[in-house]
Amino acid sequence: MKTKEIKELSDKELVERIAAEKANLSKMKLNHAISPLDNPCQIREGRKTVARLMTEATKREINNKK
């Protein structure tokens, strides 16, 4: 997910997307522990996506407090 796409999400959509991506990342990690994934780089990309989403959420929270 690109930064531009993340910035276009509403606050509610952003929170929902964070929860969905975290759940997806947990599933991928569990599946990888049981049997290796075809592309283990997906786990890294999932972590980066969650980090991007969390960064945007934090940025919005800070801007709302001002």
Check: Ala20 main-chain N/O paired with Asn24 side-chain donor or acceptor under 3.5 Å: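 Judged by distance alone, no pair lies under 3.5 Å.
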Glu56/Arg60 under salt bridge (charged side-chain N to carboxylate O under 4.0 Å, His left out): CA gap, chis, key distance, verdict: CA-CA 6 Å; Glu56 182 63 26; Arg60 290 182 185 188; 3.0 Å; yes
State, to 0.1 Å, how close [X] and [Y] come at their nearest heavy-atom pair, and which atoms those are.
X     : Y     : answer
Ile43 : Leu25 : O-CD1, 3.6 Å
Ile18 : Ala57 : CD1-CB, 4.0 Å
His32 : Pro40 : CE1-CB, 4.0 Å

Sole residue of Lys22, Met54, Glu21 in side-chain contact (heavy atoms from CB on, under 4.5 Å) with Thr49: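 Going through the options one by one, the only one that passes is Glu21.
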Spatial distance of atom [atom1] ([X]) from atom [atom2] ([Y]) [nearest 0.5 Å]:
X     : Y     : atom1 : atom2 : result
Asp11 : Glu61 : CG    : CD    : 10.0 Å
Arg47 : Arg44 : CZ    : CZ    : 7.0 Å
Lys2  : Arg52 : NZ    : CZ    : 7.5 Å
Leu9  : Leu53 : CG    : CG    : 7.5 Å
Lys59 : Lys7  : NZ    : NZ    : 4.5 Å

Same apolar cluster: Val50 and Val15, side chain cutoff 4.5 Å: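 As far as the 4.5 Å side-chain criterion goes, Val15 and Val50 are not connected within one cluster.
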